[in-house]
Every structure is written in C-alpha cells, then in structure tokens.
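Let me begin by presenting the structure, written as structure tokens, before commenting on it.
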Amino acid sequence: MAFPTDLLIFSPNDIDLSFSPLRQTLRADTYILGAFNPGLARLPNGNLLIMIRVAEALRQPIVGEQIHAIRWDEERGYVLDAYPLAGVNAADPRKFQVLGYPYRVMALTSLSWLLPVELSPDGTQVVTVHYDKIIAPQRAYQEYGVEDARITKIDGTYYMTTCSVSSERHSTTLYTSTDGLNYTLQGIILDHQNKDMVFFEGKIDGKFYALTRPLGDLYFAVRPGSDYFPGPSINLTSSPDGLHWKPSDEPFIRARKGSASTMKIGGGTQPILTDQGWLLLYHGVELKGLVGIYRTFWALLDANAPRKILKIEDVTPIMEASPSLIEPLQDQLYLSDVVFTTGIVEAGDDYIVASGEDDLACRITHIPKTAFRLD
C-alpha cells in the first residue's frame, strides 16, 4: 500500500561517529552498517523519540588469515577477538559462524548500541540527536551489543525492551524512564532467545501484558492437515510487575498456511488500545534468500481478553520494503526486501509508524486509522 507521508528519516549518513561509545577503547577503523529498527514513543513535550539501533561494523574484519569480532569487556572496554578464517563460515556480512561445535555458535563483525533521536511531533523532521544519552553495553550479558528497542508508556513510565547479546545468553532486557530520554537498566526479564518482546500500552485487570517470540533451532511437526506451519510464533504473556512473566498456556499468533508468512513471524509495534480493541502490527517473513522477505501485517485483539483475536490480516501486508525510498542509499545496501516495523503512536486521523528499512535506515509512515477495520 502507498501512503502520502512515507519517508526515510534517519540513515547511517546522519551519524557523527566521533560520539560512538566504541571510540573509547577500540582503535580499529569502523563504519555504520545500519541505523535502523527504531523504538517509537511520544515525549512529554509532544515531540517523538526514535530509539535507533546503530550497528557499528569493522571496515576490515578480515586481516591476513584471521577474522575479527567486536566485543565489550567489563574491564578492558571494546576489544577485538581474532578467529582463524579456516574455522569459520563468513557468508553473512553481519556475523560469522564459528565451526567445530555441535550447535551453531556465532560471532559479530559489528556491535549495536542505541541512539535516541528526537523528532518533530509529526515525525518528519529531526530536532535533536541525543549523543549524550547513548545506551551501550554495561553488563557482561551485553558483550555483543544492545539491539532492537521497543518502547511502551504505561502509567507515566516508559518501558523499553531490548535484545542483549552475549556468549552467556541472547536475552530480553528492560530499561525504564520517567521522561522518555534517560533510561535505567533493570536487567534481564526473559531468558535465552526470546526476542521481539513488546509491552501492551496499558494494563488489563491490573496486569502488564506483552508479546514474546521464542526462537529456537528445534520445532516439532504440526498434525497432518493443520492450518499452521511449525516454527516460531508470537506468544502472549502477563506479569504483576513488568519483571516476572507467566506465558499463556494457549497458542497465539502463528504462521498460517495460505498467508504470506511461510518462514517465521514476530512482534512489531506495541499493542495500542483503540475503539475496536488492541491494535498490533507484526512482521511476517516469506522464505527467500539469506534472510527472507519481511513484511508488516496487523491484528486486532479483544480489549478485555487479548487472547481473543478479533481480526488478523496475514495475507495482504500493510507495509512492504520500498525500493524507491532506499534508492539514494543503494551503494550502502547489503540486504533487500526487509521492512521491520517497531513502533506506533496516534496522530489525529493517522497512526505514525516507525520501521527499519532493509536493516539500513529508519522509516516513518503515516497510516490512516481507517486502514485497520474489523469489517
């Protein structure tokens, strides 16, 4: 679908690398691989905040017969770890697989940190890049970076979930803020490989609710004739305090046969309460190439019983990657066919939607509320 207001608001070209936290101790030459997947919230002053994932990569990860990974160390800061080329699979420009283990072991040629950028109320202009409020690794469970923020404001507190990456685990971590700009790390709230956690924008019967998406290497076959594919699904979970979570016993949103999500699905925007119920946007992935084709779909949930799905649009996407928008950055592209939607706010007759475009830049789209209807 095409929308009148649809633009790239921020890209790697807009970042001043002299402010990078990696510059504190790392002497290697780096560049911005991507500035993407922004969490979105409205600040108390009416402006918007996008919390951008900045993937900072080694310009020359391979030197001689070795390939290098960036890692944050609690004592030494940012360091390089060397691995023999003969012992890795480096087909993906973002990471490499360390061979010789009975399970997949990865290392990263980039490290991600979060950059808060303040936008105008309609999201179409950059107001301030808050380099003084960068969120970077500070605990051992973040040694390979902090990724993919999702922000939800509930009762005056901003709750920001992120993925923290380390050799210990690939976990979901929580930050909180009272002003939307200054965040405090609360710690791990979901354990290994439970990604795309997004809080609902409001409590239900006094409880926090959230979407999760466990991601593993082993799934079991569905029954013959099932309407669904085996594999990752979006699950529902609840909590009395936002820290301790109980998953729902029933399945929630799954990749359905006949849909455009044949590979996997995952949560996107924070569910927001509308006059029709809870609206959420999520990504569905079609199997193709290295990472697949990422598109944005949507669902409406019952306002009082969110386990009840009132409507799900999993055939026709509300958003797809836009080659025309990304064309000015063509020389920096390393992926294509990826829109990864990560935040939503209300704005009159529209919703303002934030997305990552091709793992490279941040996209802002105004979508009319009439695009999301039960009938």
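Values reported hereafter were calculated over all heavy atoms of this structure, with side chains retained and with hydrogens, waters and symmetry mates removed. Computed from a prediction, not measured in an experiment: that's the story for all the values here.
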Subject >> Test log, rule side-chain hydrogen bond (donor to acceptor under 3.5 Å, both in side chains), inputs T157 and D155 >> reply: CA-CA 6 Å; T157 297; D155 297 338; over 6 Å; no
**OP:** Would you please test T365 and D6 for side-chain hydrogen bond (donor to acceptor under 3.5 Å, both in side chains) and show each step?
**Re:** CA-CA 4 Å; T365 310; D6 193 10; 2.7 Å; yes
**OP:** Apply side chain to side chain contact (heavy atoms under 4.5 Å, CB included) to L329 and N13, showing your working.
**Re:** CA-CA 9 Å; L329 301 173; N13 300 340; 3.4 Å; yes
Original post:
Going through the checks in order, is the ring-ring contact (aromatic ring centres under 6.0 Å, His included) test met by F340 and H283?
Top reply: CA-CA 6 Å; F340 193 86; H283 62 265; 4.6 Å; yes
**OP:** Assess whether side-chain hydrogen bond (donor to acceptor under 3.5 Å, both in side chains) is satisfied between Q276 and T274, documenting all intermediate values.
**Re:** CA-CA 5 Å; Q276 300 182 100; T274 74; 4.8 Å; no
**OP:** Verify salt bridge (charged side-chain N to carboxylate O under 4.0 Å, His left out) between D92 and R94, making sure each step is shown before the conclusion.
**Re:** CA-CA 5 Å; D92 191 322; R94 304 164 298 173; 2.8 Å; yes
Subject >> Evaluation steps, side chain to side chain contact (heavy atoms under 4.5 Å, CB included), between T269 and W298 >> reply: CA-CA 10 Å; T269 64; W298 60 277; over 6 Å; no
**OP:** Applying side-chain hydrogen bond (donor to acceptor under 3.5 Å, both in side chains), run through T173 and T162 and close with a yes or a no.
**Re:** CA-CA 5 Å; T173 39; T162 64; 2.6 Å; yes
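With a 6.0 Å radius and a threshold of 12 heavy atoms from other residues, nucleotides or ligands, Q60 has its CD atom at or below the threshold. Within 6.0 Å of CG on D205 lie no more than 12 heavy atoms contributed by other residues, nucleotides or ligands. Within 6.0 Å of CD in E65 there are 12 or fewer heavy atoms belonging to other residues, nucleotides or ligands. Annotation: R59, atom CZ; neighbour count of heavy atoms from other residues, nucleotides and ligands within 6.0 Å is above 12. Atom NZ of K257 sits in a crowded spot, with more than 12 heavy atoms from other residues, nucleotides or ligands closer than 6.0 Å.
By the 4.0 Å N-to-carboxylate-O rule, R254 lies too far from D227 to be salt-bridged with it. A salt bridge links D148 to R53: at least one charged side-chain nitrogen sits closer than 4.0 Å to a carboxylate oxygen. Look at E346 and K369 and you find a salt bridge, because one of the NZ, NE, NH1 or NH2 atoms lies within 4.0 Å of a carboxylate O, short of that distance.
Counting all heavy atoms, side chain and backbone alike, K153 lies closest to E201 at O-CG, 3.4 Å. Closest approach of G292 and M263 over heavy atoms only: CA-SD, 4.3 Å. The heavy-atom pair separating F208 from D241 by the smallest distance is CE1-C, 3.5 Å. Scanning all heavy atoms of the two residues, the minimum distance from N37 to T342 falls at C-OG1, 3.7 Å. Closest heavy-atom contact between N47 and P121: OD1-CD, 3.3 Å. In terms of heavy atoms, F200 sits closest to I154 at O-CD1, 3.2 Å.
The aromatic ring centres of W278 and F199 sit 6.0 Å or more apart.
The OG atom of S112 lies 12.5 Å from the CD1 atom of I52; values are rounded to the nearest 0.5 Å. A distance of 12.5 Å separates CZ of R169 from CG of N194, quoted to the nearest 0.5 Å. The CG atom of L43 lies 5.0 Å from the CG atom of L181; values are rounded to the nearest 0.5 Å. We find the CG-CD1 distance between L236 and I253 to be 9.0 Å, quoted to the nearest 0.5 Å. Here the OG atom belonging to S261 is positioned 9.0 Å from the CD atom belonging to E286, to the nearest 0.5 angstrom. Here CD1 of I151 is found 14.5 Å from CD1 of I344. Values are rounded to the nearest 0.5 Å.
One hydrophobic cluster, built from ILVMFWY side chains closer than 4.5 Å, cannot hold both L108 and L58; they sit in different ones. Connection of V198 to I312 is not established within any shared hydrophobic cluster, with ILVMFWY side chains joined at heavy-atom distances below 4.5 Å, either directly or through further cluster members. Grouping the Ile, Leu, Val, Met, Phe, Trp and Tyr side chains by contacts below 4.5 angstrom, directly or via other members, places I367 with L300. One hydrophobic cluster holds both W113 and Y78 under the rule that ILVMFWY side chains link at heavy-atom gaps under 4.5 Å. Grouping the Ile, Leu, Val, Met, Phe, Trp and Tyr side chains by contacts below 4.5 angstrom, directly or via other members, places L310 with L279.
Residues L333 and Q330 are in side-chain contact: their nearest non-hydrogen atoms beyond the backbone lie under 4.5 Å apart. With a 4.5 Å cut-off on side-chain heavy atoms, Y183 and M51 count as touching. Residues I272 and Y351 are in side-chain contact: their nearest non-hydrogen atoms beyond the backbone lie under 4.5 Å apart. The shortest distance between side-chain heavy atoms of W245 and M197 falls below 4.5 Å.
A donor and an acceptor atom, one from each side chain of Q142 and S164, are located under 3.5 Å apart. Side-chain contact annotation: E357 with S322, donor-acceptor N/O pair under 3.5 Å absent.
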